[in-house]
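Down below is the structure, laid out as structure tokens.
Protein chains get the first letters and strands the later ones, always in sequence-line order, with residue 1 at the start of each.
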Amino acid sequence: MAQKPSIPKGTRDFLPSEVARRNYIIGIVQKHFEAYGYQPIETPSFENLDTLMGKYGEEGDRLIFKILNSGEFAEKVDDAIYQEKDSKSLYSQISEKALRYDLTVPFARFVVMHQNELQFPFKRYQIQPVWRADRPQKGRFREFYQCDADVVGSDSLLQEVELVQLYDAVFTDLKLEGVTIKLNNRKILAGIAEVIGAGDKLVDFTVALDKMDKIGEEGVRNEMWVKGIPQESIDKAQPLFALKGSNAEVLEQLSDFLSSSEAGSKGVEELRYITGTLEELGLDCCTLRIDVTLARGLNYYTGAILEVAAPEGVSMGSIGGGGRYDDLTGIFGLKDISGVGVSFGLDRIYLVMEELQLFPETLDRALDVLCINFGDKEALAATKLVRRLRSAGLKSEVYPSSAKIQKQFKYADNRNVPFVILIGEQELKDGNFVVKNMESGTQQSYPLQNPDDFINSL
RNA sequence: GUGGUUGUAGCUCAGCUGGUUAGAGCGCUGGAUUGUGGUUCCAGAGGUCGCCGGUUCGAACCCGGUCUUCCACCCCA
């Protein structure tokens, strides 16, 4: 009995037209990565489990796909641990590898391992799939692509400026207008927590603040209270809810609010430089907005935090994110290397572009020319012609059998082929081939010996 | 991980309080049209109603489980 085929939850097959569209996005992203001086690298699909564990927080650990050890792994499990039924202590006994969860941590590992072969500052880009054992939703898959650009070995804020420009360049090229790049700084968040006297609750504080968009001021205050942040501190945070105006004005208000915090002031100073410089340079299609409620991002970020929101009206989570991490390589034994990078969420950008119908129609064109097959002799002549068309860069083929002309034309139509070439008995005798323009329906003949006129007419 | 939601032809979906051979549109195949597609007309093929089990004389429909889809949490691209 044939079993009904299926693929695992949260994974997808891609049809030719989908691959064409994905490659269109990847091509543009890659082009700009290289224009900004980033070099490509690749890392394995799976890493040692302990390379990944503990780098993404407790929630992240849960979402890492663990790979079961090979062989008789069950025999090696400690009886006591087995009896405890505690998954966490079992991991180390039955799994020592895991699918990569993002591209940043493997990159940090890569930098440490290859530090003597790299020229610092090192700028790399990487476009590869990652896996998360998440529960799928719209725009959320268990296997998806990230397109990352990071630079390590430079603590210059010019890098942050360039990364925002990079975002802008890519989205402009994709014609994806109305994208908002949200900017914040971990130091500002730390400073706020410090100023209001909730320094020990930094994580709970920022997680609550991050929900501002969703649950509003009242909800945020409530969530903070539930998490055990003193009412007095929550009241002190009041000015944050009232931040208004341009980026410069928001920074002015923040600067006052954080004047007593060294870290906070530093964070304000950094954002002032970044936004000021970008103001001078200008952005083509993106809006840069300082957003103190932006707290997301993995917990290794230490400076700037970036998140990219899809154009208004499109319901989609962030389509990109990034930030600065001062000590990610430190975990692997290489101190004092600062890194900063951004990520493009290919799959979500795809969905947004699809919804806004931003893909060029020509992407569907997988074939430029189809030659009708009239029989062995005619097909041979067609094959000779096709060879010349191919070397001229035209995607061409001869229909493989002398099926009904009607059927062959229908095939051409379904494949969106713009030109159909006919070489039948008559054409062969005259030494011609007839080109039919499928859109206009007009036909024109050219000499078989010299197809250049046709090629040049395209 | 928690709560909900969805599944019927290749696709989009009908299918009444359970009742006999499960329907439509689009698509597909063939013909009208022996060297011309997209329009039109005619004909045809295609379904273990996600899967497993239960209730019932009888289940696409009711119940349980499971897988999948999507959604809200959680978290994130």
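The base of B:U36 sits with one of its N or O atoms less than 3.5 Å from a complementary donor or acceptor on the side chain of A:Q443. At a cut-off of 3.5 angstrom, counting only N and O atoms as typed in the model, there is no donor on one side facing an acceptor on the other between the side-chain of A:E378 and the base of B:G35. Judged by distance alone with a 3.5 Å cut-off, a donor-acceptor contact links the side chain of A:D413 to the base of B:G37.
Within 4.0 Å (heavy atoms only), A:Q146 reaches sugar-phosphate atoms of the nucleic acid but no base atom. Counting non-hydrogen atoms under 4.0 angstrom, A:G441 reaches a base of the nucleic acid.
Distance check on atom C1': B:C52 versus B:C11 gives 28 Å, rounded to whole Å. Across the P atoms, B:G18 and B:C74 are found 40 Å apart, a figure rounded to whole Å. Nucleotides B:U21 and B:C61, compared at atom P, are 15 Å apart to the nearest Å. For the P atoms, the distance from B:G50 to B:G27 is 26 Å, rounded to whole Å. Going from the P atom of B:A24 to that of B:C63 covers 29 Å, rounded to whole Å. Of the C1' atoms belonging to B:U6 and B:A72, the separation is 15 Å, rounded to the nearest Å. Rounded to whole Å, the C1' atom of B:C49 lies 14 Å from the corresponding atom of B:C13. Distance check on atom C1': B:U56 versus B:G1 gives 38 Å, rounded to whole Å.
Under 4.0 angstrom from either OP1 or OP2 of B:U36 there lies no side-chain N or O belonging to A:K436. Within the structure, a side-chain polar atom (N or O) of A:N414 is placed less than 4.0 Å from OP1 or OP2 of B:C28. Put simply, A:K404 has no side-chain N or O that comes within less than 4.0 Å of OP1 or OP2 on B:G35. Contact annotation: A:Q137 side-chain N/O to B:A72 OP1/OP2 distance is under 4.0 Å.
Rounded to whole angstrom, the span from the OH atom of A:Y300 across to the C1' atom of B:C75 amounts to 14 Å. Across the protein-nucleic acid pair, A:D134 atom CG and B:U68 atom P stand 14 Å apart, rounded to whole Å.
Under the 30°/60° scheme for interplanar angles, the aromatic rings of A:F454 and A:Y446 are found to be tilted.
Nearest heavy-atom pair across A:L271 and A:N184 is CD2-O, 4.0 Å.
Relative to the six-membered ring of A:F46, A:R100 misses at least one condition, a distance below 6.0 Å or an angle of at most 45° to the axis. A cation-pi arrangement is present between A:R22 and A:F14 under the rule of less than 6.0 angstrom and at most 45 degrees off the ring axis.
Taking every side-chain heavy atom of A:R135 into account, B:U2 is the closest of B:G35, B:U2, B:G37. Comparing B:U36, B:A77, B:G30 against the side chain of A:K407 picks out B:G30 as the nearest. Residue A:L63 places its side chain closer to B:C75 than to any other of B:C75, B:G37, B:C70. The listed nucleotides are B:U36, B:C73, B:G38; the one nearest the side chain of A:K214 is B:C73. Taking the side chain of A:Q406 as heavy atoms from C-beta on, and the options B:G37, B:A77, B:U69, the nearest nucleotide is B:G37. Distances from the side chain of A:K211 to the nucleotides B:G35, B:C75, B:G37 place B:C75 closest. Listed nucleotides B:U36, B:G35, B:C70 differ in distance to A:P136; the shortest reach to its side chain belongs to B:C70.
Judged by Watson-Crick or G-U wobble contacts below 3.5 Å, the nucleotide B:C62 has B:G54 as its partner. Of all nucleotides present, none satisfies the Watson-Crick or G-U wobble test against B:A45 with each distance under 3.5 Å. Remark: B:C26 base-pairs with B:G10; criterion is Watson-Crick or G-U wobble with both hydrogen-bond distances under 3.5 Å.
Ion pairing between a basic and an acidic side chain is recognised when a charged N comes within 4.0 Å of a carboxylate O; A:R12 and A:D347 show such pairing. In summary, A:E194 and A:K187 do not engage in a salt bridge, as defined by a charged side-chain N under 4.0 Å from a carboxylate O. Look at A:R132 and A:D134 and you find no salt bridge, because none of the NZ, NE, NH1 or NH2 atoms lies under 4.0 Å from a carboxylate O.
Residues A:M438 and A:R62 each lie close to RNA chain B; by heavy-atom proximity, the contact nearer the 5' end of the strand is made by A:R62. Where A:E223 and A:G321 meet RNA chain B, the nucleotide closest to each residue was compared, and A:E223 sits on the side nearer the 5' end.
Stacking between A:F144 and B:A77 is present: the aromatic ring centre lies within less than 5.5 angstrom of the base six-membered ring centre, and the two planes differ by under 30 degrees.
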